[in-house]
Amino acid sequence: MIYILQIIILGLCLGLVYALMATGLTLIFGVMRIVNLAHPIFILCGAYVAYWLFVLYGLDPILAIPIAAIVCGVLGAIVYKLVFEKDAGSQKYSEMTVLLTFGTAMILDGTLSFFFKNTQRVTSPSYATDAFFIGDIFLPTAQLYSGLVSLSLIVALALFLKFSTLGVAIRATSLSRVNAELVGINVKFVCLFSFILGCALAGCAGSLVSFVFSFFPAKHFEWIAVLMSLVVLGGMGSILGAVTAAILLSVLASLVGTFLAPSWSTMVFFLALFVILLIRPQGMFGKYLS
Amino acid sequence: MTKKSIYYRLLTSTIFVFIISFGVNNQANADTIKVGVSMPLTGNFAVPGTKHLEGYKTCVDVINRSGGWLDREVELVVNDNRSDTETAISQYERFINVDKVDLTFGTFSSKLTFPISPILAKYNSIHPIPSGGALRIFSQGHKNLFYFQASAAEYVGSNMVGLLNELVASEDKPTRAALVHADDFFANSIATGLLGNEVRMPGSGDLVEDMAPGYIASAGMEVVYHEQWPEEGFSDWLVLANSIKRSKADLVIALMASPEEASQFARALKIVKHNPKHLILSQGTQAEFLEALGDSAEGIIIMSAYHADAPYKGLLGGNQMNNSDFVAEYHINNGKLPDEDVAITYALCQGIDQAVRATGSLDNQKLMDWLHARTPEDPVQTVLGNFSWDERGLPLDKSFLMVQWQNDRLEFVYPTNEFQAQDIISPKPEW
């Protein structure tokens, strides 16, 4: 029993990190219908910011979160202005954004490779390879801290969306762009802000990921498949859905990895994607798109 | 469309075509000897692939400084295969049929080398292989293969258990082995030898070699845990490490194709506080591994094709280029020591350089004949030591080096008859 509890704890900690990684992705889709395949590369940008701040100035990656968020937010604003803004009203916008974001990801991948080389990096604060032991149960500190910070950021985001004026405007725009415009919401600004917010969240996730996983520029290819499966399972555009899916699938993957075989654990994410698309294409918490 | 707009577009198109033509003309320099290299510069193998390319480039720079080959400059035609087999296949086809390269150099990993080997064999093009040690690659009957590492992956286990048998005191000898590895062509091949499984050709299922009883069993150890993780996208390192801990294995052997996985795995073992007597990895000689592990790297044993202190005599550009010269030159240019991923391709390039100079030709058949004629007494001399090959293309009388992290340095420990070995740290210090 203790062993199963241990596996669930490990899955839970990992799931919370995945949840933060997926939150920005689902937010951007919810508001702008952008299927942002470039989201993982923004996470990597955040990870590189945290890594270099740690190496050059000894800044703890958790404390580097605001800086990583700002850097990725500014980068997001530039990308949005250059790539997405002018076609925002287009009929085939969502479909177009798949290719546009993929192209953006490739350009950023190449840029990171050029500046930082294809060298694996990992931030190594003292807690990165430590654990708390409570009897036979261990809590890996890196995963624990990153999970708690992720949870705090997700709760802060949820409160912001629920209670702030801008948050209400974002939710209104995600429900209906046309109706939001009709009630006087500056949809153009809301879209820009949401994209920046999504990218800033990616930066936050990147800071946390920098000491949980090792990374290099091409790592985003691995993450996009996992993140898309989380977002689709949760329901595209649903933050609650993304968080629930991340925790659920990570715990399930840990159990499968332990009791079946590690080679099956990554399969869990894709199996879930197939099943949900067959029986409930809108995901657990999503709505049919008109 | 306005007249002004049409003129504007015409002007930009003309400039674009001019620039492209200029670039093409520059590339099509008839005097240049072209060498095709398809390397994984993005994707899963980007880290070792980039270093492999660095090795080729460093070597070609030296060759060109020495006057090139046959008084002509050597140019690498580099394509990124994105760690993808289909892309690698089409790029080698393109090198031969479209780019009309004079020679091709091999790529990284058994996964990519296996599918391109029939392509290069079809055109009777020499296929020097830097990384791609699975026995199945060399059992297809191709005569154009030359492997520039120690031995086929299936035989690597002999050095792992040889080290434990010869260097470890009896009270520190492990009895319970955990073997975990990536579901990768190379890692699977090493595991096959360790476990004593049969090597069979993919597709036909023909038996290549029966490795029974396996190196682990022959060393009197019991395999108490054996698992694979998927080739891509695996992140549950803690779960895997926790399972190993539960198995109470006192020897952990982890095989992977990428150094990134090596550091993830070792960090996970440290987090769960599993302290085997010995931890042996197939990757982890790189500086990045030490950066990720810090002091915790102490005592970890790694198989390697290369060591910076090896006193190997080599040649390049018609001049002496020993291992120490290579280390010094690389350090001057890059401010760091070369690791095995750079040295392997550098050695391959040294081998081909010697063949071109000896034959005075770029004829692939002549080069292959010359390389096949090498013997242990009259070998190719490189920074990885001397090379001569059997008819399959596997090196004769060579074995992998076993190295160990000691005080933040990678020390050579086995086989002790290769060159001056350091004393082994045994057992591995606790995390």
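Chain letters run A, B, ... following the sequence lines, proteins first and then strands; every chain starts at 1. All heavy atoms count here, side chains included; hydrogens, waters and symmetry mates do not.
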Inset, instruction - Under the side chain to side chain contact (heavy atoms under 4.5 Å, CB included) rule, what do B:Lys273 and A:Phe138 come out as? Steps first, then yes or no, please. - result: CA-CA 9 Å; B:Lys273 300 273 189 294; A:Phe138 70 92; over 6 Å; no
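- Note that CD of A:Gln120 is 10.0 Å distant from CD of B:Glu261, once rounded to the nearest 0.5 Å.
- Closest of all the heavy-atom pairs between B:Phe234 and A:Pro262 is CE1-O, 3.7 Å.
- When heavy atoms are compared at a cutoff of 4.5 Å, A:Tyr18 approaches chain B solely by way of its side chain, counted from C-beta outward.
- Here the CD1 atom belonging to B:Ile271 is positioned 12.0 Å from the OH atom belonging to A:Tyr127, to the nearest 0.5 angstrom.
- Crowding of B:Asp295 atom CG: a count of heavy atoms from other residues, nucleotides or ligands under 6.0 Å not exceeding 12.
- When heavy atoms are compared at a cutoff of 4.5 Å, B:Glu288 approaches chain A by way of both its backbone and its side chain.
- In this structure, A:Phe102 places its CZ atom where only 12 or fewer heavy-atom neighbours from other residues, nucleotides or ligands lie under 6.0 Å away.
- For the set A:Thr119, A:Leu14, A:Leu255, A:Val226, the count of heavy-atom pairs under 4.5 angstrom toward chain B peaks at A:Thr119.
- Note: A:Thr129 leads A:Asp130, A:Val122, A:Thr129 in heavy-atom pairs under 4.5 Å with chain B.
- Ranked by heavy-atom pairs under 4.5 Å with chain B, the first of A:Ala128, A:Gly110, A:Ser113 is A:Ala128.
- Here the CZ-OG distance, from A:Phe259 to B:Ser243, works out to 8.0 Å after rounding to the nearest 0.5 Å.
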Inset, instruction - Show the numbers, then the answer: is there a side chain to side chain contact (heavy atoms under 4.5 Å, CB included) between B:Phe289 and A:Ser214? - result: CA-CA 10 Å; B:Phe289 180 82; A:Ser214 59; over 6 Å; no
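- When heavy atoms are compared at a cutoff of 4.5 Å, B:Ser235 approaches chain A by way of both its backbone and its side chain.
- Between the CZ atom in A:Phe221 and the OG atom in B:Ser83 there is a gap of 9.0 Å [rounded to 0.5 Å].
- Interface residue B:Pro259: backbone and side-chain heavy atoms are both found under 4.5 Å from chain A.
- Across A:Pro217, A:Ser124, A:Ala131, the residue that shares the most heavy-atom pairs under 4.5 angstrom with chain B is A:Ser124.
- For the set A:Arg121, A:Gln143, A:Met267, A:Glu222, the entry with the most heavy-atom pairs within less than 4.5 Å of chain B is A:Glu222.
- Each of A:Gly257, A:Pro140, A:Ser254 has some count of heavy-atom pairs under 4.5 Å with chain B, and the biggest count is that of A:Ser254.
- A pairwise comparison of heavy atoms in B:Gly43 and A:Ala218 identifies N-CB, 3.2 Å as the closest pair.
- For B:Val272, the parts sitting under 4.5 Å from any heavy atom of chain A are the backbone and the side chain alike.
- Residue A:Phe133 qualifies as enclosed at atom CZ: its count of foreign heavy atoms under 6.0 Å is above 12.
- With a 4.5 Å cut-off on non-hydrogen atoms, A:Lys219 touches chain B through its side chain but not through its backbone.
- If you tally non-hydrogen atom pairs under 4.5 Å between each of B:Ser258, B:Ser263, B:Gly294, B:Gly49 and chain A, the highest count goes to B:Ser263.
- Within the 4.5 angstrom heavy-atom criterion, no atom of A:Thr141 approaches chain B.
- Here the straight-line distance linking atom CG of B:Leu238 with atom CD1 of A:Ile9 works out to 12.0 Å at 0.5 Å rounding.
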Inset, instruction - Quick one: do A:Ser265 and B:Asp236 satisfy side chain to side chain contact (heavy atoms under 4.5 Å, CB included)? Show the steps, please. - result: CA-CA 8 Å; A:Ser265 64; B:Asp236 280 342; 3.7 Å; yes
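- Note that CH2 of A:Trp264 is 11.5 Å distant from CD of B:Gln228, once rounded to the nearest 0.5 Å.
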Inset, instruction - With side chain to side chain contact (heavy atoms under 4.5 Å, CB included) as the test, would you mind laying out the steps for A:Ile7 and B:Asn242 before giving the verdict? - result: CA-CA 9 Å; A:Ile7 304 304; B:Asn242 195 41; 3.9 Å; yes
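- When all heavy atoms of A:Phe213 and B:Gln264 are compared, the pair lying nearest together is CA-NE2, 3.5 Å.
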